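Below is one structure, written out as structure tokens; comments come after it.
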Amino acid sequence: MEASVGNNMEAVRRSKEDRKVLRKQLKASHTLLKHDGISAAQQPTKSLVVANGGLGNRVSREELSAALNEMGELETLIMHPHKPYAFVTYRSEESARKAHTHLNGEKLQCGENSVTLYLSYVDSVTCQEEVSVPLPDGLVLVEDFVSPEEEALLLAAVDWSSTNDDVTAQKALKHRRVKHYGFEFRYDNNNVDKDKPLAAGIPQECLPVLERCVKNKHVDILPDQLTVNQYESGQGIPPHVDTHSAFEDAILSLSLGAKTVMEFRHPDGRFVAVVLPERSLLVMKGESRYLWTHGITPRKFDMVPACDPQSPAHTTPDLSTYSNLTLSKRDTRTSFTFRKIRHEPCGCAFPSACDSQGAPSAPSPPPPPPSLPCCHADAALLEEEYVHRVYDAIASHFSSTRHSPWPRVCHFLLSLPAGSVLADVGCGNGKYLGVNPEVAAVGCDRSSALVHICAERGFQAFVSDALSVPLRTASCDACISIAVIHHFSTQERRLAAVRELVRLLKPGGRALIYVWAFEQEYNKQRSKYLKDQNKKHPENHSATENTQTGGSQEPHGTSSIHPSRHLEDTYRPVENIDVTDGKLSVHTNRTAFNTQDLLVPWHLKEGKKRAEEEPRDGGKKDKGKEKSQKSSGPDTSDATHSPDSKPGASGDTSQTSSSALKSESESSPAPVFHRYYHVFQQGELEQLCGQEAGVKVQSSYHDQGNWCVILVKDLL
């Protein structure tokens, strides 16, 4: 009898699990149809789409193939760049049926992470034609230029334990370590002191390699300067052009220890990603040396061809069109860059990029800080320059540093009934749009670059200003505004942003608002933003969202909820705002605020734009550009900058809202972007919301350096 009852309970449990898997499988199919136009077949076929099994989920081809091959022989496996799904075609329909039965709902372990696979049949799989793109003029890649034995000899020749900086000018930079031989490249002026050679010349171990370079006509004369850079996984270098006046034409770069992907960008927007295999030699001459920037995006994985592509000479695979890609985990890579010191002015054919011919070789002085706006027009201009333009420029790296939803925001979203309509006004990279799969979520953001990232992730989002959202009045059950309203520069515009949220709500609907707090120390507890001030990279943080690059930084139990009346009663506007001659001050990251209106720096380093201090989740002026940040205050991401993505990696330093600072790159300065913030005092957010008729503050609280309220719209 007991055995029978036990068997029945087991059957019920299995039935529930099966229904759960089926429900999630159908949801995954619906999502693919909705966002990517992939429709599931009604009958079994040899082809399946594998949801959650894509490169975008950090699933490698090898890991997925191993699981799929257990079900039968594969015909093709297509993995598109950045997509969260893959397509598989089996040799037989029977194998596809087996995979559909046994792999649906199964977890696939991918390194330290795991994903749950959901498979659906598809009628056919189309593969985009893979194309090659020309290498920049003058660029040559020679694979296996040195043998494994030579590689070991060269690596052993570099003594990183040495502390005699006068000999090799060894430097421990923020995102890599470096040694110079022959002459020191100085990062303070992006040049070399040609009258002060170093005691250590190029190591003797390098001479056979350099003589081979001369013999093979990669260079005409032996170099006399060597820079050795060592990159750990996750490190990189910003886009730059080696200073024309410092070095002659040909530049040689050996990649030792590991492969990486180097990105080349032309001023006209052309982009070429070149895979640099271990032990390969990269030769830059002419246009590729003088005009194209080159850099390495800081990340721990690269998308690379799964096998050696057969590309025509002087071309490289266009990774954006490749379907035969896999993930390559970065390891410690050491580059040997050989150059010849130039003793006469450069007379190259690219004067627009040549410091010898008038182009700047050092950063220009920073523009004067802006003034507080005195009218609506001034406010709009301030926000356009110090919010909108900045977030469009840093969107890619910004998004890469903000991927962990804040717990209390998630709690609000998960409390919404199934079928609710949610609007995320200022959605950033969309990290909150998928928290509750049972609601219909739509996002909007002022940054088209961030909205594009949302679309790539399969979310519904559109470009819109937070003051005028093109959705019907009373059409939403809930709205969220995370780290957005503090980017509006006047009281009237901040109130208008609240009013727009209320307009969107149905009667009885709720809105959650987060803004950066003036009080970073509250109830005798310092926020994560201040606690991290002594960490290795204190300059890249923001208070609204915690700054860690990993999970959320809002520890459970550290948020404080208070009656809204108490907070309103304690609000006293700050007197004597700290400005000079009406100018906004620039905040020092990871320090307490001494003014409510300020500029917060975001440093572009190593190829990506990275926030140095700002709320993490969506802090855009109009829309959640900061949304993608983490939970502990400013952007503390230690990704030398961006990240993997579009706008950030371009190396565009022309933003008028930022001052350019020197970077660790070989020649191009790293700009510092400045974002406008109005940090809220205790009770100020409640008082602001209390000015809007037809809505009540249901609750308010302080959450790791942010003031937060939940509003409820009155019933009719």
Side-chain angles (χ1 to χ4, degrees), residues 53-65 77-84 86 110-113 130 132-133 135-136 139 141 143-144 175-176 229-239 253-265 271-282 293-309 311 315-335 396-397 399-401 403 453 456 549 605-608 610 637-646 648-651:
L55 296 171
N57 289 23
R58 287 199 172 178
V59 176
S60 73
R61 176 176 294 271
E62 293 74 17
E63 291 163 335
L64 184 59
S65 293
L77 175 60
I78 297 175
M79 303 182 76
H80 293 296
H82 308 292
K83 294 298 184 181
C110 305
E112 298 177 356
N113 303 317
E130 296 173 349
S132 297
V133 293
L135 290 172
L139 190 69
L141 178 65
E143 297 190 24
D144 297 315
H175 307 292
R176 67 189 190 279
N229 285 290
Q230 187 174 82
Y231 305 88
E232 300 295 336
S233 177
Q235 296 182 334
I237 187 170
S253 181
L254 273 175
S255 293
L256 306 177
K259 74 167 59 172
T260 194
V261 174
M262 181 171 283
E263 296 165 343
F264 288 81
R265 287 180 172 79
F271 171 84
V272 179
V274 180
V275 178
L276 304 182
E278 182 180 357
R279 302 193 306 279
S280 65
L281 174 70
L282 187 70
T293 65
H294 60 280
I296 298 173
T297 294
R299 54 186 171 225
K300 294 187 177 181
F301 293 86
D302 286 312
M303 282 184 296
V304 300
C307 56
D308 292 335
S311 300
T315 67
T316 190
D318 182 354
L319 299 184
S320 66
T321 66
Y322 245 62
S323 58
N324 189 29
L325 295 174
T326 189
L327 293 180
S328 172
K329 190 176 188 303
R330 286 191 184 175
D331 204 343
T332 301
R333 172 181 173 270
T334 304
S335 68
S396 182
H397 174 250
S399 175
S400 73
T401 63
H403 43 73
I453 292 172
E456 287 184 332
T549 55
K605 298 178 184 176
E606 313 214 356
K608 303 247 167 200
R610 106 179 230 169
S637 125
D638 196 21
T640 235
H641 320 292
S642 217
D644 300 344
S645 43
K646 305 150 188 103
S650 68

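Small disclaimer: the values here were computed from a predicted structure and weren't measured. Nothing fancy with the numbering, it's 1 onward along the sequence. In what follows, every heavy atom counts, from backbone to side chain, and hydrogens, waters and symmetry copies are set aside.
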Kindly compute the distance separating [atom1] ([X]) from [atom2] ([Y]), expressed to the nearest 0.5 Å.
| X | Y | atom1 | atom2 | result |
| --- | --- | --- | --- | --- |
| T260 | M262 | OG1 | CE | 7.5 Å |
| I237 | N229 | CD1 | CG | 5.5 Å |
| E62 | L77 | CD | CG | 9.5 Å |
| L281 | L141 | CG | CG | 8.0 Å |
| R330 | R299 | CZ | CZ | 5.5 Å |
| L276 | E143 | CG | CD | 9.5 Å |

Is the closest side-chain heavy-atom distance between [X] and [Y] below 4.5 Å?
| X | Y | value |
| --- | --- | --- |
| F301 | S233 | no |
| L64 | M79 | yes |
| T293 | E263 | no |
| L256 | E278 | no |

Start with the C-alpha distance between V304 and T326, add both sets of side-chain angles, then the distance that settles side-chain contact (heavy atoms from CB on, under 4.5 Å), and finish with yes or no. CA-CA 6 Å; V304 300; T326 189; 4.1 Å; yes

Quick one: closest heavy-atom pair of [X] and [Y], and the distance?
| X | Y | result |
| --- | --- | --- |
| E456 | K83 | O-NZ, 4.4 Å |
| A86 | G53 | CB-O, 3.4 Å |
| Q230 | Q235 | O-OE1, 3.9 Å |
| M303 | V261 | O-CG2, 4.5 Å |

Checking side chain to side chain donor-acceptor pair (under 3.5 Å) for the pair R279/S255: CA distance, chi angles, key distance, verdict? CA-CA 5 Å; R279 302 193 306 279; S255 293; over 6 Å; no

Which residues pass the side-chain hydrogen bond (donor to acceptor under 3.5 Å, both in side chains) test with [X], not counting sequence neighbours?
| X | answer |
| --- | --- |
| S328 | none |
| T332 | E232 |
| E63 | S60 |

